Peer 1: 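Structure below; questions to follow.
Numbering of residues begins at 1 and proceeds along the displayed sequence. Keep in mind the model is a prediction, meaning the values are calculated, not measured.
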Amino acid sequence: MRTAMRHHWLLLGACGWVLLILMFASKFISFRAIDDYGDKLGAHSWTVPGPNGAKSAPVSSPKHLKLGPGPSDQLPTIPPDLDWHSVAEERINLLSTACKNSTLGNLTHISISKFVLDRIFVCDKHKILFCQTPKVGNTQWKKVLIVLNGAFSSVEEIPENLVHDHEKNGLPRLSSLPPREITHRLSTYFKFLIVRDPFERLISAFKDKFVKNPRFEPWYKHDIAPAIIRKYRKSHRYSDTTASGLHFEDFVRYLGDVDGRRRVDRQFGEHIIHWVTYAELCAPCEIHYSVIGHHETLEQDAPYILKAAGIEQVVSYPAIPPGITRYNRTKVESYFSGISKRDIRRLYTRYQGDFYLFGYPSPDFLMN
């Protein structure tokens, strides 16, 4: 009898430990969501390569809507009962006002060049233009457009390798059309783009291209990274340029060097679009976009965009993993923790136009 009771209590104890382990594991897994959730959830975790080697678990800050530029160390919470049409209108009004401000000059006013037209995908069937801004979840919007163009009946059917194959995915670019057709579409079609906190976007680009590189694009690690290291790492041996990998500090110093960066970029062409500013990619002061979505509020923006474009009955936006879109201040602080204030301020100077145009608060908590 005593042996049976002892086994009974041991079994209960083991079950309790299993439950505790499962609870801990579920919490851990929830922190491993990746930025571009076109890939498998939990496939990657973020790290902070660099001299200090620091890394910490992400802690999410509230989703935000900042309806005017300015300093802030917290991103405000959106009221749950807010009418999303008013949010969308306020963003357009903010952009219009910011574009009239001449103090930022060439940081905001970018001409509609072939480079910009190359970024804009066309869906003639539903009269939609989508300007691609890398590292804000564009994979999913390209899937939506592929379905709208009739190649597949749902986003779930689309092979991942097809989405990024621009020769085969059936998504024409605006640059492929004659000037008169381009002008017609820019003036009459529904146009949208998605933005994200500029510094968090840079972290995502760094991770994706120089740390994880999940789509096997070897030129980032073997060509671009060594060129940046040779020019911007304060001390290095030639053999280190590929062996040790690019540090986030090197990346920040490169991005903040206006003249030197341009000379480096000329070697790499359009491989550098993942950290080009939103203004340079989409010319938002010259093209009158219908809606500006924010990655941080994609749960509300995605259905609103589908409805505003009149396609909510035709296609659904892919499911968004919980918490993946939230601004993560802890991650931002960790990546910038070993970088000088001077280099951070230079980086902000380059991306100040993006902060200002789309209402993101300046990252004073990093610079001061």
Side-chain angles (χ1 to χ4, degrees), residues 34-39 43-44 46 110 113-122 129-146 160-167 169 171 173-175 191-221 223-225 228 246 248 251-252 254-255 261 264-265 268-284 287 289 292-296 298 301-302 305 318 320 324-325 327 331-332 335 347 350-351 353-355 357-358 360:
I34 60 173
D35 292 307
D36 188 353
Y37 42 95
D39 300 315
H44 312 306
W46 64 269
I110 306 295
S113 62
K114 183 181 183 300
F115 178 82
V116 171
L117 297 176
D118 278 343
R119 312 277 76 76
I120 300 176
F121 294 106
V122 182
L129 299 179
F130 168 59
C131 186
Q132 175 182 307
T133 49
K135 308 321 303 170
V136 297
N138 283 276
T139 296
Q140 309 296 39
W141 285 110
K142 286 198 282 188
K143 289 180 181 179
V144 167
L145 292 182
I146 289 171
E160 291 295 330
N161 61 337
L162 179 68
V163 180
H164 302 287
D165 189 339
H166 295 149
E167 300 297 323
N169 65 14
L171 292 181
R173 297 172 188 259
L174 198 54
S175 58
K191 301 171 287 295
F192 76 101
L193 74 154
I194 311 295
V195 296
R196 179 186 194 176
D197 175 86
F199 277 11
E200 198 172 37
R201 173 184 171 236
L202 293 179
I203 292 171
S204 177
F206 173 78
K207 288 165 48 185
D208 184 56
K209 299 306 174 186
F210 298 109
V211 181
K212 300 298 181 183
N213 206 281
R215 298 189 186 99
F216 188 65
E217 299 165 309
W219 49 88
Y220 286 101
K221 287 188 176 182
D223 297 323
I224 298 179
I228 295 174
L246 187 71
F248 189 64
F251 188 55
V252 167
Y254 146 72
L255 292 176
R261 173 183 50 79
V264 173
D265 286 352
F268 307 122
E270 293 193 4
H271 293 318
I272 53 91
I273 64 168
H274 292 85
W275 47 86
V276 170
T277 67
Y278 299 133
E280 293 171 298
L281 290 167
C282 297
I287 297 174
Y289 286 93
I292 300 164
H294 283 217
H295 183 266
E296 295 84 357
L298 197 55
D301 281 316
I305 290 170
I320 302 173
I324 200 169
T325 62
Y327 173 77
K331 177 176 68 175
V332 174
Y335 268 83
L347 183 70
R350 182 187 174 193
Y351 291 90
D354 283 354
F355 280 95
L357 290 172
F358 302 106
Y360 285 97

Peer 1: Any chance you could measure I320, atom CD1, to T325, atom OG1, to the nearest 0.5 Å?
Peer 2: 6.5 Å
Peer 1: Heavy-atom distance under 4.5 Å between the side chains of T133 and C282, does that happen here?
Peer 2: yes
Peer 1: Does the side chain of Y327 reach to within under 4.5 Å of the side chain of V332, using non-hydrogen atoms?
Peer 2: yes
Peer 1: Testing F210, Y220, Y335 for ring pair (Phe, Tyr, Trp, His ring centres under 6.0 Å) with F251, which one passes?
Peer 2: F210
Peer 1: Look at the side chain of D354 and the backbone N and O of A279, then say whether any donor-acceptor pair between them is shorter than 3.5 Å.
Peer 2: yes
Peer 1: Once you round to the nearest 0.5 Å, how far does CD1 of I305 lie from CD1 of I292?
Peer 2: 10.0 Å
Peer 1: Compare every heavy atom of I287 with every heavy atom of K191, then report the nearest pair and how far apart it is.
Peer 2: CD-CG2, 3.9 Å
Peer 1: Any side-chain heavy-atom pair from R201 and P134 closer than 4.5 angstrom?
Peer 2: yes
Peer 1: For a 4.5 angstrom cut-off between non-hydrogen side-chain atoms, does L281 reach V116?
Peer 2: no
Peer 1: Any non-hydrogen side-chain atom of Y289 less than 4.5 Å from a side-chain atom of L129?
Peer 2: no
Peer 1: Can the ring centres of F121 and W141 be said to be less than 6.0 Å apart?
Peer 2: no
Peer 1: Using a 3.5 Å distance criterion without hydrogens, assess whether the side chain of K221 forms a donor-acceptor pair with backbone atoms of V211.
Peer 2: yes
Peer 1: Do the side chains of V144 and F130 get nearer than 4.5 Å, heavy atoms only?
Peer 2: no
Peer 1: Rounded to the nearest 0.5 Å, how far does CZ of F192 lie from CG of D301?
Peer 2: 10.5 Å
Peer 1: Looking at E280 and R119, is any side-chain nitrogen of the basic one under 4.0 Å from a carboxylate oxygen of the acidic one?
Peer 2: no
Peer 1: Which residue, L193, I273, I120, I194, forms the side chain to side chain contact (heavy atoms under 4.5 Å, CB included) with Q132?
Peer 2: I273
Peer 1: Which distance, rounded to the nearest 0.5 Å, do you find between the NZ of K207 and the NZ of K212?
Peer 2: 8.0 Å
Peer 1: Could you walk me through whether I146 and L171 pass the side-chain contact (heavy atoms from CB on, under 4.5 Å) check?
Peer 2: CA-CA 7 Å; I146 289 171; L171 292 181; 3.8 Å; yes
Peer 1: Given side chains that start at C-beta, do those of L347 and L202 come closer than 4.5 Å, heavy atoms only?
Peer 2: yes
Peer 1: What distance separates N138 CG from L145 CG, expressed to the nearest 0.5 Å?
Peer 2: 10.0 Å
Peer 1: For residues F199 and F355, establish whether the separation of their ring centroids is below 6.0 Å.
Peer 2: yes
Peer 1: Hey, are Y360 and E296 close enough side-chain-wise for a donor-acceptor pair under 3.5 Å?
Peer 2: yes
Peer 1: Drop me the distance from H164's NE2 to E217's CD, to the nearest 0.5 angstrom.
Peer 2: 8.5 Å
Peer 1: Quick check: do H295 and D197 have side-chain heavy atoms less than 4.5 Å from each other?
Peer 2: no
Peer 1: Please check if the side chain of Y278 supplies one atom and the backbone of R196 the other of a donor-acceptor pair under 3.5 Å.
Peer 2: yes
